[in-house]
Every structure is written in C-alpha cells, then in structure tokens.
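The block underneath contains the structure these notes are about, expressed in structure tokens.
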Amino acid sequence: RSADALSEQAVSTKRQIFESTFFNMMNMHASIIDSIDLRCQNGRITKGRDCFVVFYNRLKEYCEPNKSNTHSDQSELNLLREGYKKFWEKNQLELGHYFRFLYNIFRFIKESGFSEGPYSRLIRAQLSDQELLVIFYNCIASIHGDKFKSIAEEFSLFDNIPRELLFSQTHLSLIAPSAFNRENN
C-alpha cells in the first residue's frame with residue numbers, strides 16, 4: 001500500500017509541476033500576443049490579438065488565387081508558397097516568436113506524458129479565427145511549417161477553423177484530416 005501511495009504521490013507531483021509550467025507558458029504566450037504591434041499604412045497602430053486580422057488580410061493579398069501574379073504553369077500550391085514567402089519576409093519580425101513559442105507549448109504537452117488531458121483544448125480555445133487561419137497557412141505554405149504541421153495534425157489544431165475564410169476550399173486537402181478531427185481531442 002505504501003508503494004502504491006508513493007507512486008500516486010509521484011504522479012500527482014509530476015502533474016502539478018507540469019500544470020504550473022503549462023499555465024506559465026500560456027501566460028507567456030498571452031504576453032507575446034500583447035506585445036505585437038503594427039503600424040498600418042494609414043498610421044494607425046494595431047496591437048495584440050487584433051494584429052492577426054491585419055496579418056490575415058496581408059496574407060490574403062499575397063496568396064489569394066486568381067490574382068494578377070498567377071501563372072498558368074505554376075500549381076496552386078507553388079503560388080501559395082510563393083505568396084506566403086513574400087508575406088513572411090514582411091512579417092517575420094512580428095510572427096517568428098509567436099510561432100516558435102506556440103509550437104513549443106504543444107511540444108511540451110506532447111513530451112510531458114499528459115497529452116490526453118484538456119491542455120491542447122485550452123490552447124485551441126485561446127486562438128482567434130484569424131490566428132487559426134494564419135497558423136494554417138504557415139503549416140501548409142511555409143518551408144518552416146512542417147514541424148508545426150505535424151503538431152497541428154496530432155492535436156487537431158484546426159478543429160474550429162472557419163473554413164469559409166480559407167482562400168480556397170482545395171487548401172483543406174493540403175493537410176491530413178486529423179488536423180480537423182473534432183472527435184479525438
């Protein structure tokens with residue numbers, strides 16, 4: 001009995017340490033979002049989560065199909081990648097830290113042994129529609145998005161993505177269905 005009690009206590013302590021670190025990471029992620037600020041062409045400053053509306057609109061300008069920059073000999077995916085690359089070059093300073101830290105929160109959950117808990121759902125609940133869309137296009141169009149893409153698929157990150165706001169419905173096929181699976185997570 002005492003061995004069982006010690007084992008339970010060890011698991012409980014491990015969970016407490018994990019949860020403390022996890023919630024500290026969530027707070028840090030919120031502060032990263034709060035620290036983002038953009039000066040728009042009209043001189044207006046956009047801050048925090050509202051910046052993702054601007055990012056989404058900028059990305060849409062670069063990547064939306066049937067724009068004047070499309071060439072018939074290029075596939076839609078190549079055009080998407082080309083557009084994302086241009087978007088990234090102009091927005092990397094603001095988004096690089098955001099993507100790296102968000103990726104590492106999911107990686108922390110995965111490596112902790114507590115990935116079956118509510119933790120990934122808590123993170124997903126914090127993401128706005130425009131954040132999900134920008135993350136989605138990072139996963140499918142960025143040369144740096146492969147690792148994040150596997151995390152998105154494993155944790156059903158795009159469970160609640162507003163599909164009607166995708167640049168094309170064909171983009172759904174560029175990532176595994178598990179990224180949208182509402183049943184597992």
Side-chain angles (χ1 to χ4, degrees), residues 23-71 74-107 120-153 155-175 179-180:
F23 288 110
N24 283 333
M25 291 177 89
M26 291 278 292
N27 287 335
M28 176 61 76
H29 182 67
S31 83
I32 289 169
I33 292 170
D34 290 342
S35 72
I36 299 172
D37 59 351
L38 301 172
R39 182 174 302 278
C40 297
Q41 289 178 340
N42 62 7
R44 193 175 133 232
I45 296 177
T46 305
K47 294 184 176 190
R49 197 170 302 278
D50 292 341
C51 292
F52 283 90
V53 174
V54 175
F55 289 137
Y56 169 75
N57 289 328
R58 288 178 179 176
L59 181 60
K60 189 174 183 178
E61 287 177 24
Y62 287 111
C63 295
E64 201 168 35
N66 303 320
K67 289 283 188 180
S68 60
N69 64 349
T70 59
H71 304 88
Q74 287 186 303
S75 73
E76 186 173 346
L77 179 58
N78 285 339
L79 290 171
L80 191 60
R81 287 181 175 154
E82 185 179 301
Y84 189 90
K85 182 179 178 186
K86 291 175 186 174
F87 165 79
W88 184 250
E89 288 169 359
K90 300 217 184 263
N91 297 281
Q92 177 181 1
L93 181 64
E94 294 89 1
L95 286 171
H97 190 204
Y98 171 86
F99 282 131
R100 286 188 304 273
F101 198 80
L102 184 60
Y103 168 80
N104 277 293
I105 293 174
F106 281 103
R107 187 172 157 206
S120 64
R121 289 191 308 270
L122 290 171
I123 297 169
R124 286 194 324 247
Q126 298 294 312
L127 301 174
S128 69
D129 288 349
Q130 283 72 26
E131 280 178 271
L132 285 172
L133 290 158
V134 171
I135 294 166
F136 175 80
Y137 283 105
N138 177 71
C139 288
I140 65 170
S142 172
I143 59 171
H144 306 290
D146 285 342
K147 287 182 180 180
F148 211 140
K149 183 178 178 181
S150 66
I151 289 287
E153 292 167 349
F155 288 98
S156 301
L157 185 57
F158 305 121
D159 179 38
N160 292 313
I161 196 168
R163 295 174 186 218
E164 68 278 3
L165 295 178
L166 293 172
F167 307 147
S168 169
Q169 294 301 302
T170 61
H171 296 164
L172 292 168
S173 66
L174 299 175
I175 194 166
F180 309 99

Spacing of [atom1] belonging to [X] relative to [atom2] belonging to [Y], to within rounding of 0.5 Å:
X      : Y      : atom1 : atom2 : value
Ile36  : Phe55  : CD1   : CZ    : 5.0 Å
Gln169 : His171 : CD    : NE2   : 9.5 Å
Ser31  : Met26  : OG    : CE    : 12.0 Å
Ile105 : Met25  : CD1   : CE    : 5.0 Å
Asn138 : His144 : CG    : NE2   : 9.0 Å
Ile140 : Leu77  : CD1   : CG    : 7.5 Å

[X] vs [Y] side-chain heavy atoms within contact, under 4.5 Å:
X      : Y      : answer
Tyr56  : Glu131 : no
Lys147 : Arg107 : no
Met28  : Phe101 : yes
Ile123 : Leu102 : yes
Leu133 : Phe52  : no
Asp34  : Lys47  : no
Cys51  : Glu94  : no
Tyr84  : Tyr62  : no

Check each of Phe180, Phe158, Phe136 against Arg163 using the side chain to side chain contact (heavy atoms under 4.5 Å, CB included) test, and report the only one that passes.
Phe180

What heavy-atom pair brings [X] and [Y] nearest, and what distance separates the two atoms?
X      : Y      : value
Ser120 : Phe155 : CB-CD2, 3.5 Å
Val53  : Gln130 : CA-CG, 3.8 Å
Gly83  : Cys63  : C-SG, 3.5 Å
Thr170 : Ser173 : O-OG, 2.7 Å
Leu132 : Leu157 : CD2-O, 3.5 Å
Leu174 : Leu80  : CD1-CD2, 4.2 Å

Do side-chain atoms of Asn104 reach the backbone of Arg100 as a donor and acceptor pair under 3.5 angstrom?
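Pair found, side chain donor or acceptor close to backbone of Arg100.
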
Leu95 vs Lys90, side-chain contact (heavy atoms from CB on, under 4.5 Å): CA-CA, chis, key distance, verdict
CA-CA 10 Å; Leu95 286 171; Lys90 300 217 184 263; over 6 Å; no

Could you check whether His29 and Gln126, counting side-chain N and O atoms only, form a donor-acceptor pair closer than 3.5 Å?
no

Could you tell me whether Arg124 and Asp159 have a side-chain N and a carboxylate O separated by less than 4.0 Å?
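Between Asp159 and Arg124 there is a salt bridge, with a charged N closer than 4.0 Å to a carboxylate O.
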
When you look at Ile135 and Tyr98, which way does the side-chain contact (heavy atoms from CB on, under 4.5 Å) test go after all the steps?
CA-CA 10 Å; Ile135 294 166; Tyr98 171 86; 3.6 Å; yes

Cationic tip of Arg81 within the cone over Tyr137's six-membered ring, i.e. under 6.0 Å and within 45° of the normal?
no

